[in-house]
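Working notes, beginning with the structure itself.
Chain A is the first sequence line, chain B the second, and so forth, proteins listed ahead of strands; every chain is numbered from 1. Just so it is clear, the model here is predicted, and its values are computed rather than measured.
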Amino acid sequence: MRRPFRERVLNVVRKIPKGGSMTYKQVAGKAGNSNAARAVGGIMRTNRDPDIPCHRVIRSDGTLGGYNRGGAMRKRQLLSREGAL
DNA sequence: TAGTTGACCGGAA
DNA sequence: ATTCCGGCCAACT
């Protein structure tokens with residue numbers, strides 16, 4: 001099904017419960033490609049939807065990774081506030 | 001159409 | 001443990 005990978009990824013991230021975190025690879029896998037972790041990051045970067053808690057998506061190494069609109073610092077605070085830390 | 005980029009991953013040095 | 005290198009994918013110019 002020719003569905004834009006973008007929408008698929010966003011859809012998955014949107015379903016991430018509060019206090020839960022997913023790695024880029026996990027999201028990519030749910031979107032259909034476990035090897036598209038990089039692409040997922042690129043999508044997140046361009047994405048600007050408040051319904052998409054992209055701050056809940058972290059790297060496989062356990063690090064938070066990057067973030068736009070405040071940087072990793074903001075991301076860490078959001079996760080800490082939700083209890084995902 | 002082709003080339004470059006990046007919020008990544010995994011393995012090797 | 002940290003740093004370097006190649007590889008996969010979608011979006012952007």
Side-chain angles (χ1 to χ4, degrees):
Chain A
M1 30 211 269
R2 288 195 301 101
R3 201 113 281 194
F5 202 73
R6 236 168 51 9
E7 288 189 10
R8 250 177 148 190
V9 171
L10 296 173
N11 194 37
V12 173
V13 175
R14 190 193 305 175
K15 289 176 184 105
I16 298 179
K18 180 180 165 220
S21 47
M22 260 174 142
T23 70
Y24 289 96
K25 208 166 206 185
Q26 280 286 318
V27 176
K30 279 217 184 242
N33 287 310
S34 354
N35 304 29
R38 209 171 206 179
V40 172
I43 292 163
M44 291 292 156
R45 182 167 126 34
T46 58
N47 171 36
R48 249 245 219 162
D49 198 311
D51 296 313
I52 309 300
C54 25
H55 62 266
R56 289 188 191 151
V57 185
I58 61 175
R59 296 197 358 180
S60 305
D61 301 277
T63 54
L64 297 177
Y67 199 66
N68 60 356
R69 205 209 171 170
M73 193 167 60
R74 176 82 189 237
K75 193 169 176 178
R76 191 176 78 154
Q77 275 204 29
L78 284 162
L79 288 168
S80 191
R81 174 135 73 76
E82 294 183 352
L85 187 54

Query raised in the report: Should A/M22 and A/Y24 be counted in the same cluster of Ile, Leu, Val, Met, Phe, Trp and Tyr side chains packed under 4.5 Å apart?
Result: yes
Report task. For A/N35, check side chain to side chain contact (heavy atoms under 4.5 Å, CB included) against everything at least two apart and list the hits. Result -> none
Query raised in the report: What pairs with A/R59 under salt bridge (Lys or Arg N to Asp or Glu O under 4.0 Å), at least two apart in sequence or on another chain?
Result: A/D61
Query raised in the report: When we call it a touch if two heavy atoms are under 4.0 Å apart, what does A/N68 touch: a base, just sugar-phosphate, or nothing?
Result: base
Report task. Could you state whether A/V27 and A/L10 fall into the same hydrophobic cluster, counting links through intermediate Ile, Leu, Val, Met, Phe, Trp or Tyr residues with side-chain heavy atoms under 4.5 angstrom apart? Result -> yes
Report task. Indicate if A/F5 and A/V12 have the same hydrophobic cluster label, given that clusters are the connected sets of ILVMFWY residues with side-chain heavy-atom separations under 4.5 angstrom. Result -> yes
Query - Contact summary for A/V9 and A/A31, nearest pair of heavy atoms - result: CG2-CB, 3.7 Å
Requested in this report: Could you pull out all residues at least two apart from A/A39 that satisfy side chain to side chain contact (heavy atoms under 4.5 Å, CB included)?
Outcome: A/A36
Which atoms of nucleotides 9-13 of chain B (N or O only) lie under 3.5 Å from a protein N or O atom, and what are those distances?
| from | atom 1 | to | atom 2 | distance (Å) |
| --- | --- | --- | --- | --- |
| B/dC9 | OP1 | A/S60 | N | 2.8 |
| B/dC9 | OP1 | A/S60 | OG | 2.4 |
| B/dC9 | OP2 | A/R59 | NE | 3.4 |
| B/dC9 | O3' | A/K25 | NZ | 2.7 |
| B/dG10 | OP1 | A/K25 | NZ | 3.0 |

Report summary line: Per nearest nucleotide of DNA chain C, the residue lying toward the 5' end, A/N35 or A/R6, is A/N35
Could you pull out every donor-acceptor pair under 3.5 Å between side chains of residues 44-57 of chain A and any protein atom, sequence neighbours left out?
| from | atom 1 | to | atom 2 | distance (Å) |
| --- | --- | --- | --- | --- |
| A/T46 | OG1 | A/G42 | O | 3.4 |
| A/T46 | OG1 | A/I43 | O | 2.8 |
| A/N47 | OD1 | A/D49 | N | 2.9 |
| A/D49 | OD1 | A/D51 | N | 2.8 |
| A/H55 | NE2 | A/E82 | OE2 | 3.2 |
| A/R56 | NE | A/E82 | OE1 | 2.8 |
| A/R56 | NH1 | A/I16 | O | 2.8 |
| A/R56 | NH2 | A/E82 | OE1 | 3.3 |
| A/R56 | NH2 | A/E82 | OE2 | 3.1 |

Query raised in the report: Tell me, which pairs form a salt bridge (charged side-chain N to carboxylate O under 4.0 Å, His left out) where one or both residues lie in residues 70-79 of chain A, sequence neighbours left out?
Result: none
Report task. If a pair satisfies salt bridge (charged side-chain N to carboxylate O under 4.0 Å, His left out) and one of its residues is in residues 14-30 of chain A, list it, with sequence neighbours excluded. Result -> none
Query - Range on DNA chain C touched by chain A, heavy atoms, distance below 4.0 Å - result: C/dG7 to C/dA11
Requested in this report: Specify the residues of residues 39-56 of chain A, ordered by number, for which at least one heavy atom lies under 4.0 angstrom from an atom of DNA chain B.
Outcome: A/A39, A/G41, A/M44, A/R45, A/C54
